[in-house]
**Q** 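The structure's right below; bear with me while I get my questions together.
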There are 2 protein chains.
Amino acid sequence: MAATETLTAERILEATEEVLRRYGPAKATVVDVARVLGVSHGSVYRHFRTKAALREAVTERWLERTIVALRPYVGAGGPADERLTEWLTALFALKRKKAGGDPELMATFQVLIGENSAVVDRHEEHLVEQIAHIVEDGHREGLFAAPERDFTTTARAVFHATDRFHNPAHAADWSAPGVEEAFTAVVSLVQRALRA
Amino acid sequence: MAATETLTAERILEATEEVLRRYGPAKATVVDVARVLGVSHGSVYRHFRTKAALREAVTERWLERTIVALRPYVGAGGPADERLTEWLTALFALKRKKAGGDPELMATFQVLIGENSAVVDRHEEHLVEQIAHIVEDGHREGLFAAPERDFTTTARAVFHATDRFHNPAHAADWSAPGVEEAFTAVVSLVQRALRA
DNA sequence: GGAGTGACAGATATTGAAATCTGTCATCGG
DNA sequence: CCGATGACAGATTTCAATATCTGTCACTCC
């Protein structure tokens with residue numbers, strides 16, 4: 001049996017995700033994680049100093065997946081304005097799918113997010129940088145006007161303006177009728193604001 | 001003593017606010033409200049069918065105050081683009097002041113908001129109508145371009161784009177360094193989007 | 001007659017004792 | 001040696017008994 005594999009941080013993170021998925025954020029314990037792995041909970045503490053650190057690492061992994069999923073839209077071909085709309089639409093679709101497909105998992109995720117604001121801040125900076133990259137491309141292509149201050153500030157404004165459509169805090173609104181239209185209207189507003 | 005005043009819905013609402021302020025949303029009971037008024041809790045039920053209805057009425061009253069406070073910025077003189085910035089700034093300032101001045105009261109308010117989404121939806125429609133009014137003025141004045149669909153849709157997009165700066169769900173972010181700049185950047189984005 | 005009452009049943013919240021969990025560390029065994 | 005263990009102290013959570021609250025209604029008293 002492969003159960004005698006060495007205990008790695010990676011395997012612990014996978015088990016932790018599994019436990020969080022199964023029991024939710026309130027009931028998931030380090031002892032549960034150890035049980036899933038067939039080791040004592042002391043072993044888990046050899047890789048993660050605290051339960052909080054373990055949860056933080058899971059959160060980071062989780063958020064990283066979004067970054068990776070969106071990366072293609074940054075570097076893809078085609079005009080930057082279209083790429084921006086695609087990027088924003090992809091982000092919304094991703095979040096919406098997660099929220100709609102498994103509301104409990106989304107709730108779990110939201111709790112983790114609330115616990116790890118520093119990680120979330122760094123994650124948001126990554127996303128802002130992706131937007132900034134597209135906006136800068138758009139400026140070079142002559143599609144977007146020069147930013148009022150700098151690309152990152154403009155990108156952050158775009159990120160904030162679309163907050164309602166990617167921030168998990170608003171997940172409950174994403175199944176309301178008319179969200180599609182509301183999203184399109186905001187994206188359209190953003191496009192008009194950037195247009196040269 | 002004036003304590004023998006007749007029991008009105010108004011007096012009950014005031015007492016309820018007082019109780020919510022003092023005990024918070026989890027511990028505030030109808031019995032507490034009755035005690036403050038010096039009546040039996042049965043009397044309170046004569047004016048409000050349920051505890052939920054009582055809380056809903058408080059929420060409505062609370063939200064109504066924002067509508068009233070912002071009304072001046074809608075009808076004021078001056079160019080519509082400036083009025084829009086002033087309206088958005090006033091809304092942000094109002095919410096921020098409440099959140100910063102008494103975080104516990106804000107938390108209480110947030111719980112009530114969560115319980116009464118229908119009331120909140122109606123409230124948001126009122127705010128959107130105020131924005132729509134200003135945007136329509138701006139179009140008449142030649143400052144804003146014709147809306148892509150209609151004034152209400154554009155207004156709603158403006159409301160959603162600035163969500164992060166008025167939605168109590170984000171209250172925690174309003175004391176972070178750089179919020180002012182972030183707010184200004186989003187308002188500036190919105191202005192650029194509307195400009196003729 | 002109609003605003004106000006208070007006893008009541010069922011639902012919800014509080015409390016404190018018992019169970020479980022977190023994080024440490026001396027010790028084990030390969 | 002060095003990763004893994006499990007007993008342990010203190011912190012946190014669970015659970016069930018107890019208390020309080022919600023909503024109703026027959027009644028009172030002005």
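First the proteins, then the strands, lettered A, B, ... as listed; each starts at 1.
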**Q** A:R35 CZ to C:dT20 C1': how many Å, rounded?
**A** 11 Å
**Q** Can you tell me how far C1' of D:dA11 sits from NZ of A:K51, to the nearest Å?
**A** 12 Å
**Q** Between the side chains of B:D163 and A:H160, is a donor N or O closer than 3.5 angstrom to an acceptor N or O?
**A** no
**Q** More 5' along DNA chain C: B:L7 or B:K27, using each one's nearest nucleotide?
**A** B:L7
**Q** When only distance counts, do a donor and an acceptor, one from the side chain of B:R46 and one from the base of C:dG4, lie under 3.5 Å apart?
**A** yes
**Q** Please tell me if the side chains of A:T6 and A:R11 come closer than 4.5 Å, counting only heavy atoms from C-beta onward.
**A** no
**Q** Would you mind reading off the distance between A:Y45 atom OH and C:dA26 atom P, rounded to a whole angstrom?
**A** 18 Å
**Q** Between atom OH in A:Y23 and atom P in D:dT13, what is the gap in whole Å?
**A** 18 Å
**Q** Please give, in whole Å, the distance from C:dT22 P to A:I12 CD1?
**A** 14 Å
**Q** Does A:H41 get its side chain close enough to the base of D:dG6, under 3.5 Å, for a donor-acceptor pair?
**A** no
**Q** Quick one: does B:T153's side chain have a donor or acceptor within less than 3.5 Å of a partner on B:R149's backbone?
**A** no
**Q** Tell me: CZ of B:F48 to P of D:dG23, nearest whole Å?
**A** 13 Å
**Q** Ignoring hydrogens and geometry beyond distance, is a side-chain donor-acceptor pair present between B:H41 and B:D32 at under 3.5 Å?
**A** no
**Q** As a test of reading the structure: which of D:dT5, C:dG4, C:dT14 is closest to the side chain of A:S43, going by heavy atoms?
**A** D:dT5
**Q** Where the side chain of A:V31 is concerned, which of C:dC21, C:dG4, D:dA4 is the nearest nucleotide?
**A** C:dC21
**Q** Does A:A26 or A:H47 map to a spot on DNA chain D nearer the 5' end, using the closest nucleotide for each?
**A** A:H47
**Q** Give the nucleotide from the list D:dA4, C:dT5, D:dT5 with an atom nearest to the side chain of B:S40.
**A** C:dT5
**Q** Is the B:H139 ring parallel, tilted or perpendicular to the B:F151 ring (thresholds 30°, 60°)?
**A** tilted
**Q** Rounded to the Å, how far apart are A:R55 CZ and C:dG23 P?
**A** 11 Å
